[in-house]
Number of protein chains: 2
Amino acid sequence: MAQEPVKIPQATARRLPLYYRFLNNLHSQGKQRVSSAELSEAVKVDSATIRRDFSYFGALGKKGYGYNVNYLLGFFRKTLDQDELTKVALIGVGNLGTAFLNYNFLKNNNTKIEIGFDVDESKVGTTIGDVPIYHMDELQEKLVEQGITVAILTVPAPVAQPITDSLVEANIKGLLNFTPARLNVPKTIRVHHIDLAVELQSFVYFLKHYPITEKELI
Amino acid sequence: MAQEPVKIPQATARRLPLYYRFLNNLHSQGKQRVSSAELSEAVKVDSATIRRDFSYFGALGKKGYGYNVNYLLGFFRKTLDQDELTKVALIGVGNLGTAFLNYNFLKNNNTKIEIGFDVDESKVGTTIGDVPIYHMDELQEKLVEQGITVAILTVPAPVAQPITDSLVEANIKGLLNFTPARLNVPKTIRVHHIDLAVELQSFVYFLKHYPITEKELI
DNA sequence: AAATCTTTGTGATATAGTTAACAAAACGTC
DNA sequence: GACGTTTTGTTAACTATATCACAAAGATTT
């Protein structure tokens with residue numbers, strides 16, 4: 001697996017998929033070149049931040065010209081491992097889970113939800129947006145069989161920890177947790193936490209307590 | 001509206017709803033006191049960070065004892081404006097939107113989704129999880145009428161910008177955007193962006209490129 | 001081909017967030 | 001009530017991120 005010469009900052013890594021998507025848009029619009037200022041307008045990230053982000057990968061642009069869309073796109077395709085498919089399992093096919101299944105990640109990217117699990121017998125055996133749904137009892141067997149090591153957890157909070165324990169046994173490496181539970185896992189497993197309730201609540205807190213400042217209005 | 005004596009850091013503000021939820025858990029378990037170390041274990045936030053976060057609000061704990069659960073809970077209830085209900089509109093009642101509707105935010109908090117909008121005639125006129133669904137055509141009228149100034153945007157990407165323009169006209173103040181579109185809004189409006197595809201993609205990038213370090217394993 | 005314009009890449013600086021470490025305070029026990 | 005223990009609150013150090021500002025390079029125009 002090709003590794004960047006220098007570790008890029010996490011904040012930069014988080015913006016890469018965003019850049020990649022917008023470069024795709026530009027490409028399909030037939031645009032040949034783009035400046036950091038234009039890109040900034042589109043993705044709402046400061047242009048200096050964009051230039052700095054790109055610079056971690058070397059000198060990708062040309063002074064007085066900007067960036068060549070095709071070249072940049074090709075570069076990011078390689079960098080984001082567009083050629084190596086990452087298979088993901090979706091655990092829990094409720095409303096949130098179904099939202100994921102209907103999102104066609106493959107369009108821009110090689111991350112693919114390969115399989116879903118639920119306890120609801122009316123869902124087991126069906127396919128949703130091309131993804132087959134199995135019973136939760138088959139979790140370990142199927143994951144091991146298909147060598148899947150990344151999972152999205154969208155189950156009810158009370159069963160989050162027991163199901164996580166089962167995922168750990170199935171040798172999972174990364175877990176994107178959408179439940180409110182804070183999961184206990186061995187240290188070798190990466191868990192990323194997105195809590196919709198917390199997101200909404202802290203957003204509301206922000207609105208109330210952080211009025212927009214003079215500086216922001218300029 | 002009561003304002004904190006000192007502006008607390010954004011990072012702290014984002015953790016408050018999390019603390020609040022866990023304090024509620026402790027309270028319903030009948031726990032009287034808790035130390036920053038215990039809380040750290042539960043919410044997976046460094047104990048020094050927790051103590052620092054709490055300290056922005058004054059000396060809430062007692063040395064050699066920890067924090068009194070009831071007192072802390074009461075304090076946070078006030079601080080997070082638990083008593084002043086914030087009404088939120090949900091724009092787009094697809095799978096993701098429905099996931100929000102079925103989430104009972106009121107349980108721990110006074111943020112409430114009051115109304116939903118969709119173009120699907122089979123949804124218009126129904127209620128989902130207690131929330132009435134109206135047609136998108138009635139957006140401006142209903143929002144102004146009910147004085148709602150916060151919206152969650154869960155519509156298909158191509159209609160995100162036109163609907164946003166309509167929300168701006170309806171005098172919205174904050175927008176929690178779950179679509180991949182980067183929205184253009186006047187500077188006086190706060191937009192917070194959560195892009196599920198980007199979250200998944202950057203998580204996968206992390207797993208591939210940021211192996212767990214020695215330090216993290218200790 | 002000279003002059004002007006554009007835009008990168010980056011040093012320097014500013015801002016934000018985390019964590020180690022420990023004195024001081026209060027607890028709990030004997 | 002003296003003494004060892006616990007745990008806070010905070011100073012200082014560290015780490016991470018964002019942004020300013022500008023020289024240098026190259027593009028574009030005349």
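Lettering of chains follows the sequences in order, A, B, ..., and the numbering in each one begins at 1.
Sorted by residue number, the members of residues 44-54 of chain B with any non-hydrogen atom under 4.0 Å from DNA chain C read B/Asp46, B/Thr49, B/Arg51, B/Arg52.
Contact between A/Phe206 and B/Ala13 at its shortest, heavy atoms only, is CE1-CB, 3.9 Å.
We find that CG of A/Leu39 is positioned 19 Å from P of C/dT6, with the value rounded to whole Å. For B/Gln10 and C/dT15, the CD to C1' distance is 11 Å, given to the nearest whole Å. D/dA27 atom C1' lies 16 Å from atom CD of A/Gln32, rounded to whole Å. Distance, A/Ile8 CD1 to D/dA16 P: 14 Å, rounded to whole Å. Whole-Å rounding puts the B/Leu60 CG to D/dG9 P distance at 7 Å. Taking atom OH on A/Tyr67 and atom C1' on D/dG26, their separation rounds to 14 Å, with Å as the unit. A/Tyr65 places its OH atom 11 Å from the P atom of C/dT7, with the value rounded to the nearest Å. Atom OH of A/Tyr56 is separated from atom C1' of C/dT10 by 10 Å (rounded to the nearest Å).
Between the side chains of B/Arg51 and B/Ser36, at least one donor-acceptor pair of N or O atoms lies under 3.5 Å. Inspection of the A/Gln161 and A/Asp165 side chains reveals an N or O donor paired with an N or O acceptor under 3.5 Å.
Taking the nucleotide of DNA chain D with the nearest heavy atom to each of B/Ser55 and B/Glu38, the more 5' of the two is matched to B/Glu38. Between B/Gly64 and B/Gly61, the residue anchored nearer the 5' end of DNA chain D, judged by the nucleotide with its closest heavy atom, is B/Gly64.
Figure legend: A/Arg33 and A/Tyr65 shown as a cation-pi pair, the cationic atom lying under 6.0 angstrom from the six-membered ring centre and within 45 degrees of its axis.
Ring-plane geometry between A/Phe203 and B/His192 is classed as parallel, the angle between the planes falling under 30 degrees on a 0 to 90 degree scale with a further cut at 60.
The side chain of B/Lys63 approaches D/dT8 more closely than any other nucleotide in the set C/dT18, D/dG26, D/dT8.
The closest side-chain heavy-atom distance from A/Lys208 to A/Val204 is below 4.5 Å.
Put simply, A/Ser36 has a side-chain N or O that comes within less than 4.0 Å of OP1 or OP2 on C/dT8. OP1 or OP2 of D/dA18 lies within a sub-4.0 Å distance of a side-chain N or O belonging to A/Arg15.
Note on B/Lys31 versus B/Glu38: salt bridge recorded, some NZ/NE/NH1/NH2 to OD/OE distance being below 4.0 Å.
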